[in-house]
Number of protein chains: 2
Amino acid sequence: MHTFKETAVTASDKTFFQLREDIVEGKILAGAKLSETELSTKYAVSRAIIREAINRLESSHLVERKANVGARVVSLTKEGLVELYQVRESLEGMAARLAAKNMTDDEVQDLNKLLSSHFDEVKDGQSYYQEEGDVDFHYRIVLGSKNNHLIAMLMNGIYHLVRMYRVQLGMAGPRVTTAFDEHRHIVQAISNRDEELAEMLMRRHITYSRNNIQNKLI
Amino acid sequence: MHTFKETAVTASDKTFFQLREDIVEGKILAGAKLSETELSTKYAVSRAIIREAINRLESSHLVERKANVGARVVSLTKEGLVELYQVRESLEGMAARLAAKNMTDDEVQDLNKLLSSHFDEVKDGQSYYQEEGDVDFHYRIVLGSKNNHLIAMLMNGIYHLVRMYRVQLGMAGPRVTTAFDEHRHIVQAISNRDEELAEMLMRRHITYSRNNIQNKLI
DNA sequence: ACCGAACCAATTGTCGACAATATAGTAGTA
DNA sequence: TACTACTATATTGTCGACAATTGGTTCGGT
């Protein structure tokens, strides 16, 4: 389960989540215009609700808005991907460092369990690991940092955009086993409470991961 | 001049900027409740405008909102400060690295000029340097990274919160000259296009800066 | 044919009113 | 007195209508 606690109560929240999913999953195309009136009939809510959702999406860097003109879904470019992964490298590197420092022993143990369950799946050739498992792994470490700013930035913003790139470019292929090894080393560093190494390995891991996607865009 | 391009056209924008300033500068206290009706009379705009402004402030981590209850200005805590500076260290470190890589020669030259103008001020004992000058320096480097995600995160979000801490805790005292030396070394690394060193020095610089403020909160 | 100005339709920005929800206060009972 | 259920009030959530702005289109002039 990679969905987060996001307690959606209000209609505005629900519309926001729905709209975000539709954008990330490509049901609304990258670069498309977001007409407020159109969306308000489509999702059966008032324009105010749509407006609020679009504002939130803008804060998440999933749409761009110009005053008195309107909003468009961001378009996926090679430069955008590079910039996104540079930020990710920076933030997740810090997350790994902090996780090595702040995770409880129990959490570290759970992380090791997660890793070995992934090992079993990789061994059996389950492709399930690829998306769901990778996401779980990264989430676990980010949450382990115990830094709420970091958590919010990655969970509410960056990761959705990352997923948008992954989904719409067709996600990575044969990187599973090598990524698994990288995960293993990161967990090792965290288990040893080696902050510097954890950060360095995570940064490398994300750089590799970027190279893997980047080729699809050239 | 440390104000950014922020072309405010719409009334919603203006209200947002005004409200943000009032919060950062402490005219609205940390932890205070933000009543929509009250603010709408105070700023002479409709509740919808206030609502939009509050939403944006929430995205900037200046305000926390609970559904059906309301919004409060964030409160300034020691933990919050530490978390904020951890993120800043991570992002600005990356910014320095990218600036060393992506700044044009002209931009590097301008940065050196800025530094020597600061030197003159420090020599003359102008306390002006402290806030305005420091901000200029950091902005210059962040913009030099040419990474729009990075720029947006720092300029629209983190820096305002940083300033809020600085203003409301009374800003640093005798750190001017030592901070100047740190700036000098960072500029040197950028001039040499030494990405790794630039990142490392910037991270240290921010850590020192945090220690300086942190003592005020204990 | 080309350029500019004045209109026009469509979209966004703003507003006030109504509905739904939470909090505080009151009354009632054990 | 302490606790619960209920009610009243104030605040937020949602909506539809009106105002303002944009971009395109048409028309006229050179």
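By convention in this document, chain letters (A, B, ...) are assigned in the order of the sequence lines, proteins followed by strands, and residues within each chain are numbered from 1. Computed from a predicted structure; not experimentally measured.
Straight-line distance from the CG atom of B:Asn68 to the P atom of C:dA20: 12 Å, rounded to whole Å. As rounded to whole Å, 11 Å separates atom P of D:dG16 from atom CD1 of A:Ile49. Summarising the geometry, the separation between NZ on A:Lys33 and C1' on D:dG24 is reported as 14 Å, rounded to the nearest angstrom. B:Arg65 places its CZ atom 15 Å from the C1' atom of C:dA22, with the value rounded to the nearest Å. Distance CD1 (A:Ile54) to P (C:dT11): 13 Å, rounded to an integer number of Å. Note: CD (B:Glu36) to C1' (D:dA10) measures 13 Å, nearest angstrom. For B:Ile50 and D:dT11, the CD1 to P distance is 15 Å, given to the nearest whole Å. With rounding to whole Å, A:Glu58 atom CD is found 13 Å from C:dT12 atom P.
At C:dT11, none of the side-chain N or O atoms of A:Lys66 fall inside 4.0 Å of OP1 or OP2 (strictly under the cut-off). Side-chain N/O atoms of B:Thr10 include one lying less than 4.0 angstrom from OP1 or OP2 on C:dT14.
Donor-acceptor pairing under 3.5 Å is lacking for the side chains of A:Arg56 and A:Asn156. In this model, no donor atom of one side chain and acceptor atom of the other lie less than 3.5 Å apart for B:Gln109 and B:Asp105.
Annotation: B:His118 is not in aromatic contact with B:His183 [ring centroid separation under 6.0 Å not met].
Residues A:Val45 and A:Ala67 each lie close to DNA chain D; by heavy-atom proximity, the contact nearer the 5' end of the strand is made by A:Val45. Mapping B:Arg47 and B:Ala11 onto DNA chain C via the closest heavy atom, the residue that lands nearer the 5' end is B:Ala11.
For B:Val69, whose side chain is taken as the heavy atoms from C-beta onward, the closest listed nucleotide among C:dA22, D:dT12, D:dA17 is C:dA22. For B:Ser46, whose side chain is taken as the heavy atoms from C-beta onward, the closest listed nucleotide among C:dT12, C:dG16, D:dT11 is C:dG16.
In this structure, B:His205 and B:Phe137 have perpendicular ring planes: the angle between them is above 60°, well past the 30° mark.
A donor-acceptor pair is defined here as one N or O able to donate and one able to accept, closer than 3.5 Å; no such pair exists between the side chain of A:Tyr85 and the backbone of A:Thr207.
At a threshold of 4.0 angstrom between heavy atoms, the contacts of B:Leu34 are confined to the sugar-phosphate backbone, with no base atom among them.
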